[in-house]
2 protein chains.
Amino acid sequence: MRIVKEAAERKNEILDAAEELFAARGYEGTSTGDILDRVGIARGTLYYHFRSKEEILDALIERLNRTMIARAEKAAGDRNIPVVERIIRTILCMNPETGGFPIGHEVMEQVHKPQNALMHQKMQQGLLDGVVPVITRLVEEGNAQGIFHTGYPQETTEMLVLYSGIAFDSRLGGEPEQEARRVRAFIHNTEILLGAESGSLEAPMALLFTQVK
Amino acid sequence: MRIVKEAAERKNEILDAAEELFAARGYEGTSTGDILDRVGIARGTLYYHFRSKEEILDALIERLNRTMIARAEKAAGDRNIPVVERIIRTILCMNPETGGFPIGHEVMEQVHKPQNALMHQKMQQGLLDGVVPVITRLVEEGNAQGIFHTGYPQETTEMLVLYSGIAFDSRLGGEPEQEARRVRAFIHNTEILLGAESGSLEAPMALLFTQVK
DNA sequence: TCTAAACCGACAGGTTGTCGGTCGATGCGC
DNA sequence: GCGCATCGACCGACAACCTGTCGGTTTAGA
């Protein structure tokens, strides 16, 4: 049977299927045939809409990142909230556990398995490109308000974002003790790097954590 | 023609070939057939020595990491040199450009291309596992000497090592201006995080950079 | 001579991407 | 309202490749 749909709609169907399958079996573990079956289309159709399997991954990650960036920008833009808190909220946005993600956690589960290194790399790059500018602006705002004193806002933000990736990752550290230590170290070092007053991050951070978890 | 060799020797031959090929074409871009041809052995022989293609990659990375860790430990162990300088030297060890690597730069060139995400991930993990403990000890030594004041030696080291990966990477930043900024930010933030005296890292760092480049 | 480690290469099974051809909605002249 | 041309969406057989297996063979050495 043959069903014709608009290109954009079909593309989204394919991405939906890819998202579920990648989440369940990982990128390498999913064949284009699996996607075909789930969407219910033929081989040629898939390659009519996407040039390659990797292009599907790229499109999917872009879609995921778009929603995440939107959240981050919303969190960052609320001018009623103090800057410190906005920074924390924005950083938490990146993390599926603490960010209340609309997308399945399973994707993130998979992302760290060795078979999905490509997925992981692309997502991380997307994070750096997308979230870093948002947070950098906040840091500069804090500088202007005189509550931060950072010589290198962008680079410092890069450092923090990069580390937050492993600090908030329960699938990595091994012992839970180590994980907790990383989070504490992250908060502490963030204060130091931003030149914020000692303890000024700790309190709102602790608050948000309990809210979120 | 049939040539029999000791297992260890053959294994090394295979790793040599894999190293050259991965360096030239990347991991995904190299087929086991390519390795077979280069070593001059048959399919079965390869799989007699290694269980899978990925196991070849693992063994190769372990071999590379071993030599790198050895260099790092040598740099870290020289008790005649002040701690600050040892830390810098050790960090530079990780970087192929600044570390005077025995292995080909080409491997590192490849490592950042999207096709080699797996290779990249495994190498980075090896770095974290291998070098972080070495540097952590140095940081603790600095703490004991009273020239550093770090609350979280290990986690701070993790942060620095992680960021050094992108700071010293000429293939990433795009504009050379940005790259230089990252290096400056790295030095600056290292001082701050370690609680070292302002400027105490800058001087030896600059010195080593000119020595190395 | 016997054994076991090292080696061989055909082969099964699975994967990605291509390509010529088909179908169906849409617009147009009539 | 009705044939008809057009083109985007779709199909599935197929080529090319790639990894890992397995039964069998060779060689070194006890």
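Chain letters run A, B, ... following the sequence lines, proteins first and then strands; every chain starts at 1.
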**Student:** Do the charged groups of A/Arg25 and A/Asp34 touch, with an N to O distance under 4.0 Å?
**Tutor:** yes
**Student:** Can you name the one residue among A/Thr30, A/Asp16, A/Ile41, A/Leu15 that meets side-chain contact (heavy atoms from CB on, under 4.5 Å) with A/Ile35?
**Tutor:** A/Thr30
**Student:** Between A/Thr32 and C/dT16, is there a side-chain N or O to OP1/OP2 distance below 4.0 Å?
**Tutor:**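 Yes, because at least one side-chain N or O of A/Thr32 sits under 4.0 Å from OP1 or OP2 of C/dT16.
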**Student:** Does D/dA9 have OP1 or OP2 sitting under 4.0 Å from an N or O in the side chain of A/Tyr48?
**Tutor:** yes
**Student:** Of all the nucleotides listed (C/dG17, D/dT19, D/dA9), which has the minimum atom distance to the side chain of B/Tyr47?
**Tutor:** D/dT19
**Student:** Indicate yes or no: does B/Glu141 engage B/Arg137 in a salt bridge with an N to O separation below 4.0 Å.
**Tutor:** no
**Student:** Write down the distance between CD1 (B/Ile3) and C1' (D/dA28), rounded to a whole number of angstrom.
**Tutor:**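 Value for this atom pair: 15 Å.
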**Student:** Can you tell me whether the side chain of A/Arg43 and the base of C/dG17 have a donor-acceptor pair closer than 3.5 Å?
**Tutor:** yes
**Student:** When the distance from NZ of B/Lys5 to P of C/dA4 is rounded to whole Å, what number comes out?
**Tutor:**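 So the NZ-P distance, B/Lys5 to C/dA4, works out to 25 Å.
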**Student:** When the nearest nucleotide of DNA chain D is assigned to B/Asp34 and to B/Arg51 on a heavy-atom basis, which residue is associated with the more 5' position?
**Tutor:** B/Asp34
**Student:** Do we see a donor-acceptor contact under 3.5 Å between the side chains of B/Gln125 and B/Gln121?
**Tutor:**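 There is no such pair (donor and acceptor under 3.5 Å, judged by atom type) between the side chains of B/Gln125 and B/Gln121.
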**Student:** Regarding B/Glu177 and B/Arg181, does a basic nitrogen lie under 4.0 Å from an acidic carboxylate oxygen?
**Tutor:** no
**Student:** Under 4.0 Å, counting only non-hydrogen atoms across every strand here, what does A/Thr45 touch: a base, just sugar-phosphate, or nothing?
**Tutor:**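 Base: the residue A/Thr45, judged by heavy atoms under 4.0 Å, touches a nucleobase.
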**Student:** To the nearest Å, give me how far apart OH (B/Tyr27) and C1' (D/dT19) are.
**Tutor:** 10 Å
**Student:** Below 3.5 Å, does any donor atom in the side chain of B/Arg2 face an acceptor in the base of C/dC7, or the other way round?
**Tutor:** yes
**Student:** Measure from the side chain of B/Ala42, starting at C-beta and using heavy atoms only, and say which of C/dC8, C/dA6, D/dA9 lies closest.
**Tutor:** C/dC8
**Student:** Would you mind reading off the distance between B/Glu55 atom CD and D/dG20 atom P, rounded to a whole angstrom?
**Tutor:** 10 Å
**Student:** State whether B/His49 places a side-chain N or O below 4.0 Å from either non-bridging phosphate oxygen (OP1 or OP2) of C/dA5.
**Tutor:**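 No, outside the criterion.
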**Student:** Report the distance from atom CG of A/Leu36 to atom P of C/dG17, rounded to the nearest whole Å.
**Tutor:** 12 Å
**Student:** Just how far, in rounded Å, is P of C/dC7 from CD1 of B/Ile35?
**Tutor:**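 So the two atoms are 16 Å apart, to the nearest Å.
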**Student:** Measure the distance from NZ on B/Lys53 to P on C/dT15 and round it to the nearest whole Å.
**Tutor:**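 Atom-to-atom, B/Lys53 to C/dT15, this comes out as 16 Å.
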**Student:** Could you state the atom-to-atom distance from CD1 of B/Ile41 to P of D/dT19 in whole Å?
**Tutor:**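 So the CD1-P distance, B/Ile41 to D/dT19, works out to 14 Å.
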